Every structure is written in C-alpha cells, then in structure tokens.
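Quantities reported herein were computed from a predicted structural model and do not represent experimental measurements. Quick note: numbers below take in every heavy atom, side chains included, and nothing from hydrogens, waters or symmetry partners.
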Amino acid sequence: MKREDQMKSLAKKLVQRRSELLELLDGELSQLHNSDDAVAGDLADAAVELDYATVNSTLAEAESEELAAIQAALLRVKEGTYGRCVECSKNIPVDRLRNVPFADKCVPCQEAKESLENSIRLSNNSTGQNQRASRSTSSRR
C-alpha cells in the first residue's frame, strides 16, 4: 500500500477516534456535573463520590489532551503535512503513526524533546530541594 493511501486510512482513524473521545467526554462531563448536584447520604458516600469524580476528572483531562492532539493532527492532514515531523520535516514511519496516529514528531525528535523535558524537570527538582535545604539550614540558625 502506498504511503499516501496509508495516510488517508490513518486520517479516517483519527476522525473515528475524535468522535469516540467526544462521546466519552460528554458522558464523563455529565457525570461530573451530576455528582456536583448529588447530595451525599453520609461521609462514606461522599468519599466514594469524590473518588469517582476524581477518576472521571482525570480521565476527562487525559482524553481532552488526546482530543487536542487529534485535532492538531487533523489540521496537519488538511494542510498536507500529516505524517511529517514538525521538527525535522522527515517522514514519520507508518508503524509509529499506526501506534500513535496523532504523533507529530519522529522517534529521534520525540526522544530529544522528552530528554530535554526530563533534564529540565530534574534541574527544577534539584533547585527546589536546594532551596528547601537552604531555608531549613537558615531557619536553624
């Protein structure tokens, strides 16, 4: 199968997944809204409702992020750039797109991005620990 045909097939999957996510999000947001309106019978009921609301909220957040990535991928389809890395412009392998149809980077560029993010996170954690240690030391004086 030609790459162009594979891209069209993947674009159809993106549209299908977008529809599924919109339906899921609609249901989860309705449940969150209904849980806000519900009157808890006792503390145990309230705790369970809070757990359900937290899970639904977390799921809705993850699905919203996936939906945004799919919307961006569909925009790239429309622009004719779907399947090309936004960093280096090389073709993203079809196998990668089958696994992550909304991928906007090839594996090397994605790995470089994640490596940089991890370095920044580690640096921020280290800085935060150093600041806490410094405050702790100065408060002992």
Side-chain angles (χ1 to χ4, degrees), residues 1-140:
M1 183 184 272
K2 290 183 182 178
R3 183 172 172 87
E4 183 179 325
D5 294 335
Q6 291 172 326
M7 295 299 107
K8 287 179 184 177
S9 175
L10 288 164
K12 287 179 185 176
K13 287 182 181 182
L14 285 167
V15 170
Q16 180 182 355
R17 180 64 179 154
R18 177 181 62 184
S19 296
E20 292 169 2
L21 284 171
L22 288 170
E23 193 173 312
L24 284 169
L25 278 168
D26 185 46
E28 286 162 2
L29 293 175
S30 293
Q31 286 179 352
L32 281 171
H33 179 71
N34 291 340
S35 71
D36 288 343
D37 295 340
V39 177
D42 61 19
L43 287 176
D45 289 341
V48 169
E49 285 299 318
L50 181 60
D51 283 347
Y52 284 142
T54 301
V55 168
N56 281 338
S57 177
T58 302
L59 285 171
E61 183 179 343
E63 289 163 353
S64 293
E65 289 173 8
E66 183 181 354
L67 183 61
I70 288 172
Q71 292 289 85
L74 289 171
L75 181 61
R76 290 191 303 278
V77 168
K78 189 175 183 177
E79 294 171 344
T81 60
Y82 177 71
R84 284 200 304 267
C85 178
V86 296
E87 296 293 326
C88 69
S89 298
K90 292 181 182 174
N91 281 341
I92 299 171
V94 174
D95 284 342
R96 173 162 169 71
L97 291 170
R98 280 194 195 108
N99 290 315
V100 186
F102 48 82
D104 64 349
K105 294 174 190 64
C106 62
V107 172
C109 289
Q110 183 66 37
E111 288 175 344
K113 176 187 175 231
E114 289 172 4
S115 177
L116 177 62
E117 289 171 350
N118 287 336
S119 295
I120 291 170
R121 190 174 15 252
L122 288 172
S123 174
N124 288 342
N125 286 344
S126 172
T127 302
Q129 289 172 353
N130 290 341
Q131 290 173 346
R132 283 190 295 278
S134 174
R135 283 193 299 257
S136 175
T137 304
S138 65
S139 67
R140 289 184 211 154

Closest non-hydrogen atom pair between [X] and [Y], with its separation:
{"X": "A11", "Y": "L74", "result": "O-CD2, 4.0 Å"}
{"X": "A103", "Y": "L97", "result": "O-CD2, 3.9 Å"}
{"X": "L21", "Y": "L67", "result": "CD1-N, 3.8 Å"}
{"X": "I70", "Y": "F102", "result": "CG1-CD2, 3.9 Å"}

Would you list the atom pairs, donor with acceptor, under 3.5 Å between side chains in residues 80-95 and any protein atom, with sequence neighbours excluded?
unit_1, atom_1, unit_2, atom_2, d
Y82, OH, P101, O, 2.6
D95, OD1, R98, NH1, 2.7

| salt bridge (Lys or Arg N to Asp or Glu O under 4.0 Å) against E117, all qualifying residues, sequence neighbours excluded |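 E117 satisfies salt bridge (Lys or Arg N to Asp or Glu O under 4.0 Å) with K113 only.
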
| task | Tell me, please, which residues at least two apart from K8 pass salt bridge (Lys or Arg N to Asp or Glu O under 4.0 Å). | result |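 Only E4 meet the salt bridge (Lys or Arg N to Asp or Glu O under 4.0 Å) criterion with K8.
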
| query | Under the 3.5 angstrom rule, does the side chain of S9 hit a backbone N or O of D5 as a donor-acceptor pair? | reply |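 It does not hold such a pair.
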
| Short side-chain to backbone donor-acceptor contact, S115 and E111, under 3.5 Å |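 Not a single qualifying donor-acceptor pair exists.
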
| field | Spacing of E63 atom CD and T58 atom OG1 [to the nearest 0.5 Å] | value |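 Rounded to the nearest 0.5 Å, the CD-OG1 separation comes to 10.5 Å.
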
| said: Can you list everything that forms a side-chain contact (heavy atoms from CB on, under 4.5 Å) with N118? Sequence neighbours excluded, please. | reply: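 Scan of N118 (side-chain contact (heavy atoms from CB on, under 4.5 Å), adjacent residues dropped) gives R121.
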
| said: Going by side-chain contact (heavy atoms from CB on, under 4.5 Å), name the residues that satisfy it together with L75, two or more places apart in sequence or in a different chain. | reply: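 Expected list: E79.
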
| message | Quick test of your reading: applying salt bridge (charged side-chain N to carboxylate O under 4.0 Å, His left out), list the pairs with at least one residue in residues 13-22, sequence neighbours left out, ordered by first then second residue. | response |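 Found R17-E20, R17-E66.
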
